[in-house]
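Everything below concerns the one structure shown next.
Every chain is numbered from 1, with letters handed out A, B, ... down the list of sequences. FYI, side chains are in, hydrogens and waters are out, and symmetry mates aren't considered; it's all heavy atoms of this structure.
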Amino acid sequence: MSADAAPPMVEAIGLTKTFAIPAATLFGRARPVAAAVDVSFRIPRGRTFGLVGESGSGKSTVAKLLLKLEAPSAGRLLVEGQDIFAQTPAEELAYRRKVQAVFQDPYGALSPRMRADRIVTEPLRAHGMDRREAEARAPELLRLVGLPPDSARKYPHEFSGGQRQRLAIARALSVDPALLVLDEPVSALDVSVRAQVLTLLREMQQRLDLTYLFIGHDLAVVRYLSDTVGVMYFGRLVELGPARRVLRRPAHPYTRRLVALAAGDAPLGAVRLQGELPNPLAPPSGCLFRTRCPYADATCAARLPEMRLAEPDHLVACHHHEAVAAGAKAETGPMLQEA
Amino acid sequence: MPHGEPLLAIRGLNVEFGLPARPVRAVADADLTLAPGEILGIAGESGSGKTTLCAAVMRTLPRTARVSGRVEFAGKELLSLPEREMARLRGRDLAMVLQNPMTSLDPLYTIGNQLEEVLRERRRGGGAGRLGSAVEVLRRVHLTAPELRLRQYPHQLSGGMRQRVLVGMATAAAPRLLIADEPTTALDASIQDEILILFRELRESAGTAVVIVTHDLSAIRRLSDRVVIMYAGRIVEEGPTVEVFRAPRHPYTQALLASLPRIEEEEVVLQPIPGQVPDLARLPPGCAFAARCPAAIPLCREERPRERTVGERHRVFCWRAGEGAA
Amino acid sequence: MARFLLTRLGQALVTLALLTVLIFVLARLTGDPTPLVLPSEATEADRAFFRQQYGLDRPVHEQYVVFLRNVLRGDFGISFRYREPAFDLVLAAIGPTLQLAGVSMLVAILLGLPLGIAAALRPGSWLAATVRGYASLGQAMPTFWTGLMLIFVFAISIPVLPSSGYGTAANFVLPAVTLGFYASASVTMLTWANMTEALRSDFVQMERVLGIPRRLIVLKHALRNASLPIVTYLGLQFGLLLGGAVVTERVFAWPGVGQMLVDAILNRDYPVVQAAVMLTAVLVMTINLVVDLLYAVLDPRVSRS
Amino acid sequence: PARAQARPPLTVAIGTDLITQDPCRIAGGNDYFFFANVFEGLYGPDENGKPAPLLAESHTASPDGLSYEFTLRPNARFHSGEPVTAEDVRFSWQRAVAPETRNPRASVLVANIADVEVLDQRRCRVKLKQRDASFLDNCGEYWYIISKKHAEAGGENPFDRQPIGTGPFAFVERRVRSYIKLRGFEQHWGRVPAFGEVTLKIIPDDQSRVAQVQTGESDIVTNVPPVLAAPLQRLPNVQVVRAPSFQNIYIAINALNGHPGLRRADVRRALNMAVDKAALLRATMLGFAQQLEQPCHPDIFGCDAQVTPYGYNPDRARQILTEAGFDFGRPLKLLGQGTGRVPQARETLQGVAAFLNRIGIRTEINMLDYGAWISVYGARQKDPSVDMVFANFTDYNADPSGRLLRQVRTGATYSWYSNPEIDAMLDRMNDFASIEERRAFVRRLFARLHEEAPLIPLWTVDSIYGVGRGLSWKPTPHVSWPVLWNVRRAS
Amino acid sequence: MSAAAGERPGDAGGLFGGRIRAGAGRPPLFATAICLLLVVAALGGGAIAPYVPDEADFTAILAPPAWVEGGSLAHPLGTDQLGRDMLSRLIAGARISLLTAGAAVLAGGTVGVALGLAAGYLGGVVEAVVMRVVDAFLALPFILMALAFVAALGTGIGNIILVMMLTNWARYARLVRSEVVSIKKRDFVLLARVAGLRPLPIALRHILPNALTSILVLGVLDVGRAIILESSLSFLGLGIQPPDVSWGLALAEGRTYMTVAWWLTVWPGLAIVLAVMSFNALGEWLKAGFDPRGRL
Ligand SMILES: Nc1ncnc2c1ncn2[C@@H]1O[C@H](COP(=O)(O)OP(=O)(O)OP(=O)(O)O)[C@@H](O)[C@H]1O
Ligand SMILES: Nc1ncnc2c1ncn2[C@@H]1O[C@H](COP(=O)(O)OP(=O)(O)OP(=O)(O)O)[C@@H](O)[C@H]1O
Ligand SMILES: [Mg+2]
Ligand SMILES: [Mg+2]
């Protein structure tokens with residue numbers, strides 16, 4: 001990463017978020033669930049940070065923290081060097097202009113009772129622009145994302161999924177944000193529509209010098225947009241590095257599986273993950289992946305692996321990555337029992 | 001490739017929704033055959049009628065649907081079968097896995113209860129010999145700790161586990177035909193693979209024919225013998241999987257395959273299909289894809305393309321298919 | 001379990017505390033009881049004595065404190081009118097009301113569930129249309145009207161049932177049908193809506209394609225799933241029947257708490273009003289608590305993590 | 001034949017439950033029905049409603065009217081079997097005025113008793129503080145004779161447990177708000193009922209109650225509203241029995257502080273002329289009432305004065321009003337009862353309003369529930385925003401003093417009228433030793449009141465009973481709560 | 001441009017899904033006609049009634065309807081116990097019945113919605129307080145409130161409305177709160193927060209419009225309920241008071257004449273039944289249209 005004097009757009013330092021799950025169980029007692037633990041990364045201005053990982057691994061939690069929809073349990077989150085959880089109301093308002101978001105579900109993201117022009121200009125209005133002026137900017141915003149100007153007067157249900165996602169992007173762009181949080185923005189879309197939206201996102205980034213936090217399941221898609229990639233497993237970052245390197249030569253056994261599966265042309269059944277998913281309410285000791293890791297041994301059950309440099313700029317949290325990379329580690333199968 | 005008497009033969013199937021004055025033809029003039037033990041993949045744009053087609057075969061369409069045509073299963077015409085007999089076929093000879101695994105199990109009963117219920121029904125149908133116990137069914141779908149699972153409720157299982165339970169139920173009696181509607185969409189890549197492997201095993205062990213509907217083209221490529229591509233309610237291309245993926249003949253199939261992310265010189269390349277899906281209630285007179293087709297000629301907009309055979313069991317509905325790939 | 005119960009009990013206590021204020025204020029809103037309790041011959045001294053005897057001459061907030069203190073001891077005071085402990089009077093009346101509400105509920109369920117299910121199974125049929133008509137009629141007919149009609153038909157024209165009164169099993173029929181008919185209307189609609197939804201759910205589709213017999217699908221799966229909101233509603237409805245059956249009780253001379261409450265309000269008999277409302281409120285809240293527990297039994301998602 | 005000896009049961013449907021079983025705490029309402037059947041006084045109404053000796057066999061009054069000597073019947077017994085003694089009579093008075101009992105009704109009669117002397121086992125002397133011509137009349141309903149022994153032995157509330165009296169029916173059991181069971185008292189001194197077990201069912205709703213006699217579930221229903229009586233008459237198995245009552249329906253006029261015009265007697269007379277009572281009675285009461293020209297029924301003592309009825313004369317009424325400079329611009333505010341203790345209360349007031357409208361007076365009706373209504377009607381300070389009140393007043397007995405003192409005396413509970421001349425006459429009313437002298441005086445008083453027109457008398461409603469065909473019964477007239485002892489099986 | 005493209009059945013996102021149709025299919029014709037008729041009657045009131053509705057005519061008491069023996073065309077639906085024209089009373093009654101029911105529902109709805117919105121969106125102490133009060137009101141017998149207020153304030157139309165409002169609002173508050181709790185977790189609300197909107201605009205612009213359908217449906221169904229409620233109050237003598245006339249009052253007053261003059265109860269009874277059925281049918285239709293899952 002470049003050693004710019006200016007602070008990076010985003011810097012997360014030891015970010016942790018635990019949820020208490022109370023009422024989900026009528027008769028149980030509240031138990032903490034760690035959704036994100038000790039997550040640290042930086043996103044330079046104008047770049048994309050891709051976040052991948054299994055369902056429920058805490059990707060959206062990181063996104064929500066960045067959007068200030070949740071407050072962290074520990075750790076700091078700096079945007080342009082400023083801690084976003086220590087802001088005055090005025091600073092917060094300014095911050096709200098700087099950061100916008102697009103979510104996964106194109107059906108749920110738009111108020112079904114609002115017209116397109118009001119949807120895309122709502123952030124402007126929230127930041128004090130008067131209605132006439134704001135709505136005058138609607139056609140321009142719609143054009144920006146490739147929607148015809150006559151769509152201004154339509155309601156969300158009159159748009160297709162891909163078009164809705166465009167609307168959501170137009171709205172996010174309306175206040176000239178510097179940072180866009182994209183939480184699986186294309187997962188719900190058809191292959192062909194997905195391609196449309198992705199090209200649009202890339203084009204916008206280049207045109208407006210945007211910084212992206214991009215969350216996705218599809219590694220090819222992540223790779224298409226991202227400069228840096230973080231891999232999460234059960235709340236922790238297990239691998240972090242330049243997108244190409246991580247996705248071509250993964251260091252962590254979990255990432256290896258992901259990449260192998262995503263390759264897609266491997267014959268059916270060639271790559272199989274064994275073992276059990278860890279229970280978030282009673283996480284295993286040591287390395288969280290050991291219950292499914294083919295290389296697990298006693299060390300893994302005893303100690304939590306630290307993030308270590310695998311290569312320059314490429315961090316991995318695995319006790320055995322050198323041995324595995326060298327092909328020197330034999331597959332022992334997952335460790336299901338406690339050490 | 002299995003030959004002989006087809007297991008399933010769909011002839012001129014039409015399914016309409018909405019007001020008769022302004023019908024939505026979710027499936028139009030579909031012709032399709034399936035041999036015993038064959039695996040068929042169906043892909044296509046969202047809303048192109050894939051689910052509707054499957055539901056028509058299972059006769060589980062909502063009452064508002066108007067169905068015409070013929071669906072023959074092992075020589076029986078299904079559409080005119082009394083509901084009683086149809087119910088007897090379901091589950092035993094014809095089974096289906098629905099689109100959404102998260103909600104396809106009754107949340108109020110244990111897995112064991114629901115599985116037993118299915119098994120009881122199968123035994124009554126006379127399939128007793130090959131059934132085995134509930135535990136065995138779960139073991140067959142590679143579920144860990146099956147005894148425990150039987151005592152658990154659906155919400156205590158992950159999506160992948162539920163999906164496997166459903167597949168186990170649907171395949172308990174080794175049906176002759178299994179229809180799986182997007183069985184893997186909601187799943188992790190790793191679990192996705194598990195399910196596909198299961199289908200393969202089922203065909204191998206019991207000779208079950210499988211129809212799999214999915215957006216995931218790589219799943220189709222790896223699993224199925226034959227593939228059907230649908231667009232706007234119509235089958236636009238059908239052929240052996242290898243051949244269609246190698247040399248797609250319909251411009252939509254070509255565009256669909258091209259829109260998958262591709263890696264060229266270390267860069268990921270995307271090629272979206274321009275334009276929008278047409279409104280099913282207001283289809284143009286000619287080819288529905290014409291408006292987005294780079295190879296469209298005036299004829300495409302005026303007249304609906306006829307079927308054209310371009311290889312062994314490979315047919316395509318495109319005026320320009322004969323001229324070689326566009 | 002314990003935690004849930006404690007939370008719910010805590011909430012119920014807060015609600016009860018609020019209720020004491022509401023009830024106290026509402027009772028006093030009705031006006032001065034003196035002219036109603038004392039005959040017109042009463043002298044000013046008689047009136048003053050009466051007020052002093054029941055503490056009505058003290059400032060309202062003091063009266064409230066006294067009331068609260070007594071309630072905490074389970075003492076709701078002496079009825080102005082009957083000069084008996086209000087609580088005993090109400091206790092005697094709550095039995096008949098509970099019985100009537102229970103039987104009506106049963107009638108409502110026995111009528112409403114099958115009708116709602118039948119209509120849900122055959123959308124758009126004449127049966128569904130009939131059920132809709134039935135339910136609308138049930139909602140639209142004031143209970144006094146239904147009750148009087150039933151008396152005319154089944155006690156006078158075809159004398160097979162007692163017209164009114166309380167005591168024997170036969171006495172239950174007409175009032176229970178009157179109330180049950182009214183309550184069954186909403187039970188029908190609710191069952192219909194929830195059954196329709198349950199029948200549309202994915203697991204019902206799944207069971208269909210698995211060849212599970214229709215009877216099982218409907219009765220075992222769809223109905224149980226549909227019953228969750230119905231159970232909640234029945235709890236509320238039961239509360240409504242407890243406090244709201246006044247009209248029916250009156251028409252059928254049912255010695256229940258609803259009628260007693262009306263009489264007490266009309267006679268400004270504060271202690272009885274307060275006792276009656278408190279007791280029904282506690283009952284209503286208890287029933288809703290039971291319903292919540294029942295819900296947890298019916299729905300494993302709630303009870304098992 | 002042997003079985004016919006056992007006396008049959010009787011079921012009566014009544015409208016409201018008892019408030020108390022203790023005769024010293026009597027509060028009103030239906031309680032009288034119970035007390036009249038289970039208890040007795042020294043005097044009381046006979047079968048024709050006239051005061052007659054009950055527990056007393058005879059009496060003599062002193063010439064100054066301040067002392068009465070009663071002789072008890074030798075065969076008068078309590079339900080417990082004990083004979084009634086003079087000591088019991090004295091005790092009954094003492095308990096009625098005892099501060100612990102504090103019965104407001106005691107003020108009417110018992111308060112005027114200075115002392116009761118026991119002369120011997122069967123004789124006693126009652127001394128009055130003031131001369132009171134209505135004393136004997138009032139004896140019946142305010143001075144129920146109770147057993148000293150029972151009262152003193154019975155603990156805290158002896159009558160709540162077991163109300164022992166001397167009446168033709170003895171208490172058996174009661175289920176609150178459901179029924180009261182009595183039994184015919186065979187040892188009664190004279191009025192032995194023809195029935196064994198008597199059940200008083202409590203059925204509050206009029207229609208449901210009337211249905212009881214139609215279905216044969218009850219033999220008698222009380223308080224049949226006129227509208228339900230009419231169709232009942234046509235039924236083969238039911239007879240409608242009516243008896244004149246003393247329940248007076250009238251419109252009180254606010255002559256104190258309401259519409260200024262109402263302070264003039266000529267205006268009030270004109271209002272009397274404006275209402276077609278006969279038509280209103282036919283329409284609302286379907287004939288089940290006795291139209292009144294004076295403030296009370298002619299059977300009331302002294303209320304038989306020959307006065308000229310106002311008649312229905314709207315033109316004359318309007319003319320008088322115009323001449324009197326009546327302010328037609330200000331509407332008259334009418335207060336009525338919304339919850340029915342009086343049959344057809346709403347219709348009656350609406351009818352009156354309609355007649356007033358007809359002569360050009362605008363009206364505003366305000367209906368209140370009984371409690372709110374009585375708070376306004378009986379308030380010490382009369383509400384100036386009320387001009388007329390629909391009211392009912394039930395005479396206790398044939399003596400008019402009780403009601404006149406409440407209805408028209410200055411400052412009385414229900415008086416919306418004030419006139420020193422009338423007040424002076426009222427003060428003198430009971431102070432007569434000679435009945436004839438008193439009658440002449442009371443007639444004069446009523447004649448004056450007719451001229452003064454402090455109210456618009458309408459009618460006395462009939463007590464209407466539905467009685468099964470198998471029974472014959474002539475209810476005692478002029479009592480709202482008849483004794484059932486004379487119900488007989490029709491032969 | 002395709003409206004339905006990408007739209008899948010069951011994908012409409014539940015209660016507030018993308019697809020908003022004004023009702024499912026055609027509106028119920030008969031019900032709509034009845035409702036229109038009622039509105040006309042209510043608006044026209046005395047102007048279209050042939051007689052003054054509370055004018056007594058002692059020469060024509062209890063005249064039967066025109067087609068019954070003894071009836072005349074002067075009073076097509078007959079007259080009541082004071083000789084008042086039934087038709088005129090029905091028309092005048094429509095006004096008061098609908099006014100009281102409508103106003104009660106509107107007022108109760110407004111208060112309930114506002115409090116439910118506040119409770120659901122703000123949560124915390126506000127929610128705790130409001131919901132406990134709601135519980136308390138739901139546990140109070142309706143009849144107590146009605147009687148207490150009527151006894152205290154008298155029986156004017158305003159008071160009847162007030163009473164019905166007081167007995168109604170809690171149900172709305174409860175409904176709205178539960179709606180809000182689920183809506184506020186939806187993406188578009190989160191995104192509105194991301195956009196920098198403050199609580200009040202979010203509540204009013206994003207949450208309320210989406211809860212509106214169920215509120216509306218409850219409201220429409222409630223109008224019928226309120227008419228019945230008012231008639232029950234009249235039965236107890238505490239409803240609308242003369243000279244005002246409502247169907248409930250007419251029914252309650254006329255019920256003693258049931259055996260003498262059936263038309264006194266049948267007409268108002270019929271009016272109530274028709275009105276309630278029509279409102280319910282309209283409500284059902286609205287609900288079916290707004291809510292693909294048909295939740296109550
Ligand atoms: N509000 C909440 N309360 C309790 N637990 C929560 C909450 N939000 C998230 N979690 C839990 O935190 C963990 C991480 O959730 P998160 O949504 O961040 O996962 P994700 O990586 O985005 O998954 P997906 O790929 O499925 O979107 C999960 O176990 C989830 O159940
Ligand atoms: N019950 C219905 N009523 C009306 N239209 C319907 C109904 N079911 C399906 N359709 C329409 O029929 C068309 C085909 O739907 P279908 O669900 O078969 O598509 P699909 O190919 O399975 O799409 P997806 O990939 O999104 O599952 C769509 O346009 C849909 O809107
Ligand atoms: Mg997520
Ligand atoms: Mg589908």
Nearest 0.5 Å, please: how far is [atom2] in [Y] from [atom1] in [X]?
{"X": "C/Ile212", "Y": "B/Arg122", "atom1": "CD1", "atom2": "CZ", "result": "6.0 Å"}
{"X": "B/Leu108", "Y": "C/His221", "atom1": "CG", "atom2": "NE2", "result": "9.5 Å"}
{"X": "B/Glu117", "Y": "C/Leu216", "atom1": "CD", "atom2": "CG", "result": "5.0 Å"}
{"X": "B/Met58", "Y": "C/Leu210", "atom1": "CE", "atom2": "CG", "result": "8.0 Å"}

ask   = C/Met206 and B/Met96: side chain to side chain contact (heavy atoms under 4.5 Å, CB included), yes or no, with the steps?
value = CA-CA 8 Å; C/Met206 188 68 204; B/Met96 183 165 172; over 6 Å; no
key: salt bridge (Lys or Arg N to Asp or Glu O under 4.0 Å) involving C/Arg224 - partner list, sequence neighbours excluded   = none
Less than 4.5 Å apart, any side-chain heavy atom of [X] and any of [Y]?
{"X": "B/Pro107", "Y": "C/Phe203", "answer": "yes"}
{"X": "C/Pro213", "Y": "B/Glu121", "answer": "yes"}
{"X": "C/Arg214", "Y": "B/Glu83", "answer": "no"}

Where on [X] is there a heavy atom nearer than 4.5 Å to chain C: the side chain, the backbone, both, or neither?
{"X": "B/Gln152", "value": "neither"}
{"X": "B/Leu89", "value": "neither"}
{"X": "B/Ala170", "value": "both"}
{"X": "B/Leu105", "value": "backbone"}
{"X": "B/Arg59", "value": "backbone"}

ask   = Around C/Arg122, counting heavy atoms of other residues, nucleotides and ligands shown, do more than 12 lie under 6.0 Å from its CZ?
value = no
task = Give a yes or no on whether the backbone of C/Lys220 and the side-chain of B/Tyr109 come within a donor-acceptor separation of less than 3.5 Å.
result = yes
request  = Please determine, among B/Asp106, B/Leu98, B/Val118, B/Ile179, the option with the most heavy-atom pairs under 4.5 Å with chain C.
outcome  = B/Asp106
